[in-house]
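Below is one structure; the comments refer to it alone.
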Amino acid sequence: MSKEHKDNENKGLLCNFTHEKAGMQGLDREKINKIIHDTSVNTEFFKREQEHIAIVEEKARSMKNRISESLSKGPDFIREINEEIYKIIQEIESERHLSETWIHVDMDMFYASVEIRDNPELADKPVAVGGNSMIATANYIARRYGIRSAMPGFIGKKLCEELVFVKPNFSKYREEGEKIREIFRDFDPDFESMGLDEGNLRVTEYLINNEMNHDEGRQELARIIRQRIKDKTQLPASAGIACNRSLAKIATDMGKPNGQYFIPFDKEQIIEIMSKMNVRKIPGVGKVLEKTLNELGVVTCKDILQKKYELYIAFQAGSFKFLASAALGVGSCYHHETREEQKSISLSRTFASTNNIEEINKYIAEFSREISEQLDEKNAQIKTVSVSLKTYKFEPKSKSETLGRYIYKELDIYEIAIKLYNELAIKEKIRHVGVRVANIIYRRTGAIDDIIEKVSKDPTPKQSSIKCFSQQCPVCNKVFMYTEKRMEIHLKQCLEEQSQKFQPKVVKKQKNAPQPTITLDCFYKKK
DNA sequence: AGCTGAAGGACCC
DNA sequence: AACCAGGGTCCTTCATAT
């Protein structure tokens, strides 16, 4: 494929919406790509995307250089590398197991299915769950127009005038999701999932116990699970059956919609199926890795094996092994160490670009309250707080701080968050702000605090209780959006800094040197 | 040396 | 007329020292 043609297909966006996702075969890609391109081309998003693409391309170029360099090192060197690769392939093969059975179950266009079930009038219309800014899921009718999840709503509307938007109703999806998980638990209590609407089940024991541990039984079980889901929720599910986790997930995609796919438990057939597979179908290959691989001439899994030398040179050992394993259809087939507790909590919001501090401050205060409430429910505390933003140019920025102590109170979180926000000192307008807490421990010390707080807590404190206002520091003259307490801290620090400045330069640390402190009064006198 | 923390990314749904 | 989410996890790279 010529370079020109490729550019034409990508139309300047890293995320190729018309990539053959389920339900997207045989549509007019040319036309769809043009519409997407034309409605994107003048946006900041597009500009940013261009830069991003340039970076990825540059990375790919340097990989290519490394490859040709290595190729010029002579046959001995190349032979050595090939031996190393051979060893890795052997190692991968030794990890191939064909006697475990995984069934991956995934709901078809989950959110949209729920909405259509509850409002059958939508059934024969193109439906998108989401809003003008983002589509979470589209039904199969909408997909005929090239509309799909993670596409902005306004582009969806351009692609299909009659597209019906439905506001997402997450609590409902969570409820339905819980029903599905209940079913999963019957077949594999330790099932894994990466979202509300899917589960990856290791069903080997179930099959053995029910005397159905053979190809027919495996497929029958998938049918049974899907039927159970259908009976309980009236929602369609697809499934994939294979000998390991990631193969089962890939199989589900081939079974969609409302179907299932069985990948034979046979090395040759697995490799045969995988060889035609586009690398993007590999779980863990996203748009960036896909683009990078494409630049290196790798589009399908077959290409991975054919270009194993190049990839071995270009990537780190771990990434190489990951790619080679995927291409060979080898994957882990036992459960990961059980997933522990949640590791972070975050809230964020996107809005029309602004530099209104008060508005941003309101979000930060609100997020702090909400996070604090969640910590309360979990009886947990956290040690690190981070604030993230996106400038109007979609440039992400973040600042975080790990404290020497654990906190959980709204005000404590807020004060750190707002401090971090101020330290970021972004002058441009911003379009997004978020607060995240991490380093969570699931217990709480300082119980007395809690008791006092619980007793005196207003039962309906929906408004943030934090009072912040702009105030100017008399020392540095900067204006801050602070609480009174926070302002005191700043003033103290600011004065300390001033003290340092008035100090003669200390070359060596003097022991017990009297620390000349400056008070506010003193500061004015010197002025 | 290996850890930790900070910042930035990739990826998943 | 303008317009590209929000909730997570995990990984890599770099800093850093009386």
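The chains referred to below are lettered A, B, ... by the order of the sequence lines, with proteins before strands, and numbering in each begins at 1. In this text the structure is predicted, and so the values were computed from the model without any measurement. Any value given below was found using the heavy atoms of this structure, including those in side chains, with hydrogens, waters and symmetry copies removed.
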For a quick check, with a 4.0 angstrom heavy-atom cut-off, what is the B/S/- contact string for nucleotides 2-10 of chain B, read 5' to 3'?
---SSSSSS

What string of B, S and - do you get for nucleotides 6-18 of chain C 5' to 3' if you count protein non-hydrogen atoms under 4.0 Å?
SSBBS--S-----

Could you work out, with salt bridge (Lys or Arg N to Asp or Glu O under 4.0 Å) as the rule, every residue matching A:E178, not counting sequence neighbours?
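Checked A:E178 against salt bridge (Lys or Arg N to Asp or Glu O under 4.0 Å); matches are A:R181, A:R185.
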
Value in whole Å for how far the [atom2] atom of [N] lies from [atom1] of [X]:
X      : N      : atom1 : atom2 : result
A:E290 : B:dC11 : CD    : P     : 9 Å
A:E192 : B:dC13 : CD    : P     : 14 Å
A:F351 : C:dC3  : CZ    : C1'   : 15 Å
A:L196 : B:dC13 : CG    : C1'   : 8 Å
A:M109 : B:dC13 : CE    : P     : 17 Å
A:R148 : B:dC12 : CZ    : P     : 11 Å
A:K157 : C:dC3  : NZ    : P     : 15 Å
A:D106 : B:dC13 : CG    : P     : 8 Å

Under the rule for side-chain contact (heavy atoms from CB on, under 4.5 Å), what residues qualify as partners of [X], not counting sequence neighbours?
X      : answer
A:M277 : A:I250, A:M254, A:I273, A:M274, A:K281, A:C301
A:E359 : A:F351, A:T354, A:N356, A:Y363
A:K172 : A:V114, A:E115, A:D118, A:N169

What contact category does A:S40 fall into here, base, sugar-phosphate, or nothing, at under 4.0 angstrom with non-hydrogen atoms?
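Base contact.
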
Contact class for A:E49 (heavy atom, under 4.0 Å): base, sugar-phosphate, or nothing?
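If one applies the 4.0 Å heavy-atom cut-off, A:E49 turns out to touch nothing in the nucleic acid.
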
Say you pick atom [atom1] in [N] and the same atom in [M]; how far apart are they, in whole Å?
N      : M      : atom1 : answer
B:dA10 : C:dA5  : P     : 16 Å
B:dC3  : C:dA17 : C1'   : 14 Å
C:dT18 : B:dG2  : P     : 23 Å

Checking A:F322 now: which residues fulfil ring-ring contact (aromatic ring centres under 6.0 Å, His included) with it, not counting sequence neighbours?
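Expected list: none.
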
Suppose the criterion is ring-ring contact (aromatic ring centres under 6.0 Å, His included): which pairs have a residue in residues 374-397 of chain A, not counting sequence neighbours?
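Pairs touching residues 374-397 of chain A that pass the test: A:F45-A:F394.
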
Determine: side-chain N/O of A:K249 to OP1/OP2 of B:dC13, distance under 4.0 Å, yes or no.
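Answer yes for this pair, as a side-chain N or O of A:K249 is under 4.0 Å from OP1 or OP2.
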
Using only heavy-atom distances, determine whether the side chains of A:D190 and A:Y334 contain a donor-acceptor pair under 3.5 Å.
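No.
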
For a quick test of your reading: what N or O donor-acceptor pairs under 3.5 Å do the side chains of residues 103-110 of chain A make, sequence neighbours left out?
unit_1: A:H104; atom_1: ND1; unit_2: A:T252; atom_2: OG1; d: 2.7
unit_1: A:H104; atom_1: NE2; unit_2: A:E198; atom_2: OE2; d: 2.9
unit_1: A:D106; atom_1: OD1; unit_2: A:K256; atom_2: NZ; d: 2.9
unit_1: A:D108; atom_1: OD1; unit_2: A:S238; atom_2: OG; d: 2.7
unit_1: A:D108; atom_1: OD1; unit_2: A:K256; atom_2: NZ; d: 3.1
unit_1: A:D108; atom_1: OD2; unit_2: A:S238; atom_2: OG; d: 3.4
unit_1: A:D108; atom_1: OD2; unit_2: A:N258; atom_2: N; d: 2.7

So, for A:F170 and A:Y111, is the gap between ring centers shorter than 6.0 Å?
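They qualify: ring centres under 6.0 Å apart.
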
